[in-house]
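A quick write-up on the structure given underneath.
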Protein chains: 2
Amino acid sequence: MTQELVKAFLKPLQKEEALNLTGGKRGRITIHEVASAAGVSISTASKALNDTGRMGAETRERVKRIAGEIGYRPNALARGLLSKRSFTIGLLTTDTYGRFTLPVMAGISDALVDHGVSVFLCAIEDDPALAQTHVDAMLDKQVDGIIATGKRLDRRLPVDLSNLHVPVVYAFTEGTQNSVTFRSDDEQGARLAVEWLAKIGRRRIAHITGPEEFFSVRERAGAYHEVAGHREPVLYGVWSESWGHDAVEQLWKRPGEKPDALFCGNDQIARGAVDALRERGIKVPQDVSVIGFDNWEIVAAQTRPPLTTVDMELKELGRQAGLTVLALAEGRPVEPGVRKLPCRLVVRQSCGGKPPGNETKE
Amino acid sequence: MTQELVKAFLKPLQKEEALNLTGGKRGRITIHEVASAAGVSISTASKALNDTGRMGAETRERVKRIAGEIGYRPNALARGLLSKRSFTIGLLTTDTYGRFTLPVMAGISDALVDHGVSVFLCAIEDDPALAQTHVDAMLDKQVDGIIATGKRLDRRLPVDLSNLHVPVVYAFTEGTQNSVTFRSDDEQGARLAVEWLAKIGRRRIAHITGPEEFFSVRERAGAYHEVAGHREPVLYGVWSESWGHDAVEQLWKRPGEKPDALFCGNDQIARGAVDALRERGIKVPQDVSVIGFDNWEIVAAQTRPPLTTVDMELKELGRQAGLTVLALAEGRPVEPGVRKLPCRLVVRQSCGGKPPGNETKE
DNA sequence: ATTGAATGAGAAAACCTTTTCTCACTTGAC
DNA sequence: GTCAAGTGAGAAAAGGTTTTCTCATTCAAT
């Protein structure tokens, strides 16, 4: 037993010296260093660190301890070369502004960081050539998968991802046949908003929204009609504050009874509407309730009064997209199709009805 | 000559068959496939594709052509393993909101995409553990460098990057000793704003800004005093619309002559100020000029009237940070120190003076 | 004809890690 | 005292690419 011990202590020293003389490399610490410091072979070191193979418990512990002490971290490139997994995914987005991409990104990162996966972010405007460049770069780097995201549910990315040999998941953008797509349930979100207005006693609910060619606009308008009926008009326009402002002008110029609630297609429109109402001396929420869509903090929370609005839970959407692409990368089966994630109502002060306080934060 | 040709055509075919039989691999196309398809060795294929080594022009062309035809793309992992360059950098940010990070990111990506470099985006709130996790993951993946960015010039990231063996560049956040840091020249930006107001004839310029503990607030206030003197007060507050609103109330409640211009610390404050002025029946820009800071499109362009504001050129800042980290990664020398990048005045309608039209877009 | 250089192309090592296979040694049973 | 089984650990291959070294051939010059 003593002999073995002596051997065990002599051997590493010899190797160490030899190695230090030859390879005074400035580079990172490799498993080579660990092995020689621990007086074992590379294979044993590897097996010790990965809890695989057969070896004495003492050896395993010693290798692990020494690896920790000298700060060994395995080279992901070398590991990936063999395992065919780079622990890297690509996020492709057309939303340069970041309004939708950032929460999605946060969710993805959040879901994947525990799995050691990093995310390449590539903002491709609507430039097919740029998109292709980025996709190529990602594939060269052996990404385990790609998540495509955009700023519109009904738009495709300017690059075809359908025949890649890595899994692709679509989030908040239109996917291809037989792909997995995550999107918000705008219908349910709109219903949530209108039902809330109804619940707090509003009866004349108008809907001011974006361009009718947006799929989500039509979906939201559909749900609005289902719940609110057809008593008040739907005003289609653009996604801007000034349109919200103008729409209120239009509504209040019409003869007859005025709406007692406005369901707006996004927070910017809602904000424009609130401003217009205030200018007309109409009190929000006492006289008219206003509800937005998106829960874009910077707009919704800074409006006076702060906007009650519908949150599309984009972070959760990103989280699920991340987990899904990971599952696909690991070969686990995933049912293709479109998954609609429910929206959530964020109650602030622009509707009245219920006191603030249950407002959930981002 | 004919014999050689025949040989050249026979050889690849034989090899091809052999390879197809043995290795019906589902994986990507490797240089192996290129070599056998072209009837040359791997080494020759590599040299042909990289324009290195000695070989006949015809061989080189043939290899290149065939590589193109069968869609060969080199495996960046394998390449990186040898070359010690992963053509990957990490972007670390504490700005989860993306207000500052996104333009910076766009600039970095823009500058580096041509060099084949991809960017890992890691949003670390203020969580040191999360930050360390991300940094470790990046280092494991052998990033060629790291860019650290934040939402405040005078704050450090919650993780120490000073002794990494990869280059680190700081952008819009405080760097460490002997590092390269890029930041906006807030002093010059503020001067730009105040001088513009003076130029269009304003004499009583007040300054409504953020918390005094922000370095950039003090810098901007300093420049403001230099140009405008001390006739009007500086109102320190928070970075919100409501503070802009309140500050105007304060200013107009005071006895005596009122300001004819407001230089605001950011666009949100400016917007709140504009709203407050309108509520008081004061016309912008006829009675009072208002100027913001940040050129945050979503706020600046949607304000009525649209805000004249100072753009910090964050995209350019990102571009330079990207090129710098690349230079460092390639071993080119870079002078350490803080580089201040000039701001740019974006003229919209909230100041009057000059008709709109020279507004530059993002 | 023989040498020398120049040319074209391949063999092999290297990068770092994981995994499979093999080998030597110990232990318990006969 | 021999055998079988079990145990601990190392050798070697693999992954895809680049690079250096070596070899064989050609051609010009002696």
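Chain naming here is simple, since letters A, B, ... match the order of the sequence lines and numbering starts at 1 in each. The structure presented is a predicted model; accordingly, all values stated were derived computationally and were not measured.
Atom pair B/Glu33:CD and D/dG16:P shows a separation of 8 Å (rounding to whole Å applied). Put simply, CG on B/Asn50 is 16 Å from P on C/dA9, counting in whole angstrom units. The separation between A/Arg60 atom CZ and D/dG10 atom P is 13 Å, rounded to whole Å. For the pair A/Lys141 NZ and D/dG15 C1', the computed distance is 20 Å after rounding to whole Å. Here the C1' atom of nucleotide D/dT19 and the NZ atom of B/Lys84 are 14 Å apart, to the nearest Å. When rounded to the nearest whole Å, the span between CG of B/Leu49 and P of D/dT19 equals 12 Å. Separating the CG atom of B/Leu82 from the P atom of C/dA12 is a distance of 18 Å, rounded to the nearest angstrom. Put simply, CD on A/Gln142 is 16 Å from C1' on C/dC16, counting in whole angstrom units.
Of the candidate nucleotides C/dG10, D/dA12, C/dT17, D/dA12 has the atom lying nearest to any side-chain atom of A/Ser43. When distances run from any side-chain atom of A/Ile42 to the nucleotides D/dG10, C/dT18, D/dG16, the shortest one goes to C/dT18. Of all nucleotides listed (D/dG10, D/dG16, C/dG10), D/dG10 comes nearest to the side chain of A/Val40. Side chain of B/Asn75, nearest nucleotide from C/dC16, D/dT17, D/dT18: D/dT17. Closest approach to the B/Lys47 side chain among D/dT17, D/dG15, C/dA9 is made by C/dA9 (side chain taken as heavy atoms from C-beta onward).
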Under 3.5 Å donor-acceptor pairs involving side-chain atoms of residues 105-114 of chain B, not counting sequence neighbours:
| from | atom 1 | to | atom 2 | distance (Å) |
| --- | --- | --- | --- | --- |
| B/Asp110 | OD2 | B/Arg319 | NE | 3.2 |
| B/Asp110 | OD2 | B/Arg319 | NH2 | 3.1 |

What side-chain donor-acceptor pairs closer than 3.5 Å can you find for residues 171-182 of chain B, not counting sequence neighbours?
| from | atom 1 | to | atom 2 | distance (Å) |
| --- | --- | --- | --- | --- |
| B/Thr173 | OG1 | B/Arg155 | O | 2.7 |
| B/Ser179 | OG | B/Thr176 | N | 3.2 |
| B/Ser179 | OG | B/Thr176 | O | 2.5 |

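Residue B/Glu58 is the one, among B/Ala78 and B/Glu58, whose nearest nucleotide of DNA chain C lies closer to the 5' end (criterion: closest heavy atom).
A side-chain donor-acceptor contact under 3.5 Å links B/Thr133 to the backbone of B/Ala129.
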Could you list, one pair per line, each protein nitrogen or oxygen that sits under 3.5 Å from a nitrogen or oxygen of nucleotides 5-8 of chain C, together with the distance?
| from | atom 1 | to | atom 2 | distance (Å) |
| --- | --- | --- | --- | --- |
| C/dG8 | N7 | B/Arg54 | NE | 3.4 |
| C/dG8 | N7 | B/Arg54 | NH2 | 3.2 |
| C/dG8 | O6 | B/Arg54 | NH2 | 2.6 |

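Between the side chains of A/Thr88 and B/Lys141, no donor-acceptor pair of N or O atoms lies under 3.5 Å.
A salt bridge is defined here as a Lys NZ or Arg NE, NH1 or NH2 lying under 4.0 Å from an Asp or Glu carboxylate O, and B/Arg65 with B/Glu61 fails to meet this definition.
Applying the side-chain contact (heavy atoms from CB on, under 4.5 Å) criterion to B/Asp126, with sequence neighbours excluded, gives B/Thr94. Under the rule for a side-chain contact (heavy atoms from CB on, under 4.5 Å), A/Leu82 has no partner lying at least two apart in sequence or in another chain.
Look at B/Thr44 and you'll find a side-chain N or O under 4.0 angstrom from OP1 or OP2 of C/dG10. OP1 or OP2 of C/dG10 lies within a sub-4.0 Å distance of a side-chain N or O belonging to B/Ser41. For D/dT17, one of the phosphate oxygens OP1 or OP2 lies less than 4.0 angstrom from a side-chain nitrogen or oxygen of B/Tyr72.
Each end of the helix from C/dA1-D/dT30 to C/dC30-D/dG1 gets its own axis, taken as the rotation carrying the C1' atoms of four end pairs onto the next four within a five-pair window, and the two axes meet at 70° to the nearest 10 degrees.
One distance of note links CG of A/Leu121 with NE2 of A/His134; it measures 8.5 Å at 0.5 Å rounding. Here CG of A/Asp95 is found 10.5 Å from CD of A/Glu125. Values are rounded to the nearest 0.5 Å. Atom-to-atom distance recorded for B/Arg339:CZ and B/Gln320:CD is 8.0 Å, nearest 0.5 angstrom.
If you check every strand for non-hydrogen atoms under 4.0 Å, A/Ser46 touches a base.
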